[in-house]
Amino acid sequence: AVVSTQSTGHEVNTERFETQSRGINHVEGGWPKDINPAEVEQTMRFRKKVEKDEVYIQAIQQLGSVMEHTIKQNNAVDIYEEYFNDMAEDGCAEPPSAKTINVFRDPNEHKRTAANISWYPDNAQKLAVAYSVLEFQRSPPGMCMDSYIWDVESPNKPDMTLKPISPLVCIEYNPKDPHCLVGGQYNGQLAFWDTRKGSQPIEVSAISNSHSDPLYKCIFLTSKTGTECFTTSTDGQVLWWDIRKMAEPTETLILDLNKGDKPTLGGISLEYESTMPTKFMVGTEQGVVLSCNRKAKTPADRIVANFSGHYGPVYALQRNPFFPKNFLTVGDWTARIWSEDLRESSIMWTKFHRSYLTDGCWSPVRPAVFFTSRMDGCLDVWDYMFKQNDPTLSLQVCDEALNCLRIQDSGSLLACGSHSGNVTLLELSESLSQQQRNEKASVTQIFERETKREKILESRYREMKLKERAKSQQEDRAPEEDEENVEELVEEADKNFWFTVEQEKIGIEKKEKAAEQ
């Protein structure tokens with residue numbers, strides 16, 4: 001018999017079981033029955049009696065020598081010492097992979113879409129999920145409007161319930177205060193919670209001064225108070241808020257490329273980089289990305305540039321954490337990487353997928369890695385250090401549409417929300433969550449090369465346009481005699497056309513007669 005030396009490893013998700021944590025009041029144990037542990041005098045007398053016992057003294061002396069030997073051994077040899085810290089990591093490490101840690105399911109009877117996810121700022125112990133039915137007028141009567149905060153290690157029951165007055169479309173933790181979070185509601189209002197004060201919102205924006213469409217995105221700004229944020233909606237507005245007084249927004253921007261007073265574009269996504277506090281970007285449902293400056297001299301100059309490249313709404317928009325000039329957009333069937341220096345086209349893009357893309361984000365620890373989610377339930381992991389034409393890793397997370405995704409700041413945990421409210425927590429392998437050797441320099445070269453290539457193509461395209469324009473102008477300056485001859489040429493072409501038609505008719509008739517004979 002031949003015995004194989006190879007072995008395989010398998011992982012399975014076992015059946016769930018419910019657990020509960022309960023305290024125990026320990027009053028007995030090592031005390032004799034005639035000793036009351038609550039009486040200090042009795043316990044003191046018993047301790048003194050035991051300490052004078054010869055058997056107790058011998059046992060302590062024997063254990064003491066053993067303990068002393070073990071302590072000296074630990075001090076002499078560090079059993080946790082790392083001997084290979086200085087060695088360079090092998091480039092051909094484990095293949096990229098991801099495994100499911102937990103699945104958090106919407107506990108309600110009528111399943112709702114997990115519309116947005118936000119990680120707890122201090123650690124990876126909690127995540128907040130906004131639940132709502134995003135299809136217009138598809139909400140069943142009596143549908144629950146609650147959203148939840150989940151403990152990563154407890155998928156059976158939410159850690160806390162948030163009770164908005166309208167279903168939440170987006171949710172965001174305050175990075176400076178982990179107890180505070182804001183949620184954008186389906187009716188356009190912005191709600192603010194302090195988790196120390198219960199499930200009800202502390203304050204809600206006045207509906208007359210809020211968005212008139214669902215509030216799709218909210219981001220906290222870098223400020224001294226840590227209480228400022230801004231929001232966008234498909235009503236074509238960007239509003240700035242201070243969560244300490246939410247009666248009305250502090251500022252307003254109308255999304256109009258014609259620099260008018262009426263919105264012509266609807267906001268879907270936002271991008272804000274703390275290193276550029278006056279700049280922000282807006283992804284619209286028309287497929288256009290707007291680059292804006294909050295501190296422009298006039299309101300009309302706030303929209304600095306626009307980038308057009310998608311055929312549908314821009315569902316995700318994020319700057320690269322290592323190269324802020326380059327940003328990622330996700331919409332229609334592709335994800336695109338842009339450079340602020342080029343407005344005509346993106347510098348890199350993924351292939352057109354058969355299924356619609358719904359969300360995407362960069363890895364916070366690896367500049368060459370980003371993630372995209374699809375309507376067919378697949379999660380794609382792209383690593384441009386590995387290959388650029390296809391995803392490095394594709395995971396079939398579920399059999400329904402993935403609606404949103406969010407990666408934790410450590411870069412190793414990724415949460416994906418589905419159409420029926422299931423949030424799947426994935427742990428990424430080290431090859432996807434640890435920066436590779438010389439990765440930053442390599443990505444810099446890739447982005448610079450692709451930007452340069454697009455600039456050359458753009459200049460070539462402009463040259464061709466100028467040549468066509470010059471050629472058309474020369475044709476317009478042709479002699480008037482040629483213009484007079486146009487009618488004669490048309491008449492001659494008309495005669496030739498009808499002559500050809502008649503000849504073909506005669507030929508067909510001859511063939512029919514020959515066939516009859």
Side-chain angles (χ1 to χ4, degrees), residues 11 13-16 18-19 98-121 123-135 143-164 167-173 178 181 183-184 186 193 195 199 216-218 315-316 330 357-361 363-364 371-381 395-428 433:
E11 293 181 3
N13 287 329
T14 57
E15 188 177 349
R16 287 188 178 190
E18 294 190 5
T19 59
K99 61 180 180 180
T100 302
I101 298 177
N102 264 327
V103 179
F104 308 93
R105 292 179 171 84
D106 183 5
N108 294 284
E109 183 181 353
H110 297 292
K111 302 303 177 186
R112 304 160 297 161
T113 301
N116 195 236
I117 299 169
S118 181
W119 281 95
Y120 191 70
N123 51 46
Q125 286 300 311
K126 296 179 183 179
L127 55 89
V129 184
Y131 294 90
S132 60
V133 176
L134 298 175
E135 291 87 356
M143 184 193 71
C144 179
M145 292 188 291
D146 296 348
S147 290
Y148 305 104
I149 297 173
W150 296 89
D151 189 309
V152 169
E153 297 178 356
S154 175
N156 298 316
K157 186 179 179 182
D159 186 63
M160 184 176 179
T161 302
L162 304 176
K163 294 186 173 295
L168 292 185
V169 179
C170 69
I171 195 164
E172 194 71 26
Y173 269 106
L181 66 163
Y186 193 81
W193 279 270
T195 54
S199 299
Y216 280 103
K217 189 65 178 176
C218 175
Y315 289 115
V330 174
L357 299 189
T358 56
D359 203 357
C361 67
S363 167
F371 310 87
T372 57
S373 58
R374 306 204 310 245
M375 287 283 282
D376 60 359
C378 275
L379 171 73
D380 290 331
V381 184
L395 292 173
Q396 186 71 40
V397 178
C398 56
D399 295 329
E400 57 187 357
L402 287 177
N403 193 71
C404 63
L405 60 87
R406 193 75 175 263
I407 192 165
Q408 208 267 336
D409 290 340
S410 66
S412 60
L413 294 177
L414 181 71
C416 308
S418 74
H419 183 71
S420 65
N422 295 337
V423 177
T424 305
L425 184 61
L426 301 168
E427 184 178 18
L428 305 175
S433 57

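Since the structure is predicted, the reported quantities are computational estimates derived from the model, not experimental observations. Counting begins at 1 with the first residue of the sequence.
In this structure, V133 and Y186 approach most closely via the heavy-atom pair O-CE1, 3.9 Å. The heavy-atom pair separating A115 from C404 by the smallest distance is O-CB, 3.7 Å. A pairwise comparison of heavy atoms in G417 and A114 identifies CA-CB, 3.8 Å as the closest pair. Contact record, V330 with G360: CG2-CA, 3.9 Å, taken as the closest heavy-atom pair. What you find for P107 and W150 is that their closest heavy atoms are CD-CZ2, 4.3 Å.
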Donor-acceptor contacts under 3.5 Å from residues 373-381 side chains, at least two apart:
{"residue": "S373", "atom": "OG", "partner": "T358", "partner atom": "OG1", "Å": "2.8"}
{"residue": "S373", "atom": "OG", "partner": "D359", "partner atom": "N", "Å": "3.2"}
{"residue": "R374", "atom": "NE", "partner": "D376", "partner atom": "OD1", "Å": "3.3"}
{"residue": "R374", "atom": "NE", "partner": "D376", "partner atom": "OD2", "Å": "3.4"}
{"residue": "R374", "atom": "NH1", "partner": "D380", "partner atom": "OD1", "Å": "3.2"}
{"residue": "R374", "atom": "NH1", "partner": "D380", "partner atom": "OD2", "Å": "2.6"}
{"residue": "R374", "atom": "NH2", "partner": "D376", "partner atom": "OD2", "Å": "2.9"}
{"residue": "D376", "atom": "OD1", "partner": "C378", "partner atom": "N", "Å": "3.2"}
{"residue": "D380", "atom": "OD1", "partner": "S394", "partner atom": "OG", "Å": "2.6"}

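S199 OG to M160 CE: the interatomic distance, rounded to the nearest 0.5 Å, is 4.5 Å. Distance check, rounded to the nearest 0.5 Å: CG of N403 to CG of N116 gives 9.0 Å. One finds the CD1 atom of I117 at 7.5 Å from the CG atom of L405 (value rounded to the nearest 0.5 Å). With values rounded to the nearest 0.5 angstrom, C144 atom SG is found 4.0 Å from N108 atom CG. In this structure, CZ on F104 lies 4.5 Å from CG on N102, to the nearest 0.5 angstrom. Between the CG atom of N156 and the OG atom of S154 there is a distance of 6.0 Å, given to the nearest 0.5 Å.
Residues L181 and L162 are in side-chain contact: their nearest non-hydrogen atoms beyond the backbone lie under 4.5 Å apart. Counting heavy atoms from C-beta outward, T100 and L425 have side chains that stay 4.5 Å or more apart. The closest side-chain heavy-atom distance from V423 to V103 is not below 4.5 Å. Residues K163 and M145 have side chains not in contact (no heavy-atom distance under 4.5 Å, counting atoms from C-beta outward). Using a 4.5 Å heavy-atom cutoff, the side chains of L413 and L428 are not in contact.
Within the structure, the salt bridge (Lys or Arg N to Asp or Glu O under 4.0 Å) test picks out the following pairs touching residues 400-423 (sequence neighbours left out): E172-R406.
Salt-bridge check for D106 with K111: failed, with every basic side-chain N at 4.0 Å or more from each acidic carboxylate O.
No side-chain donor-acceptor contact under 3.5 Å links T161 to the backbone of Y148. Between the side chain of D151 and the backbone N or O of E153, at least one donor-acceptor pair lies under 3.5 Å. Side-chain atoms of R105 do not come within 3.5 Å of backbone N or O of P155 as any donor-acceptor pair. A donor-acceptor pair under 3.5 Å links the side-chain atoms of S147 to the main chain of Y131, judged by distance alone.
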Test side chain to side chain contact (heavy atoms under 4.5 Å, CB included) on L127 and I149 and set out the steps.
CA-CA 6 Å; L127 55 89; I149 297 173; over 6 Å; no
Checking side chain to side chain contact (heavy atoms under 4.5 Å, CB included) for the pair F371/S363: CA distance, chi angles, key distance, verdict?
CA-CA 7 Å; F371 310 87; S363 167; 3.9 Å; yes
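The aromatic rings of Y173 and Y120 sit perpendicular, their planes meeting at an angle over 60°, well past the 30° parallel limit.
Not counting sequence neighbours, Y315 has no partner by the side chain to side chain donor-acceptor pair (under 3.5 Å) test. The side chain to side chain donor-acceptor pair (under 3.5 Å) test applied to S410 returns Q408, S412, not counting sequence neighbours. Checked against side chain to side chain donor-acceptor pair (under 3.5 Å), K126 has the following partners two or more places apart in sequence or in another chain: D159. Residues satisfying the side chain to side chain donor-acceptor pair (under 3.5 Å) test with W193, not counting sequence neighbours, are none.
Heavy-atom neighbours of Q396 CD from other residues, nucleotides or ligands within 6.0 Å: above the threshold of 12.
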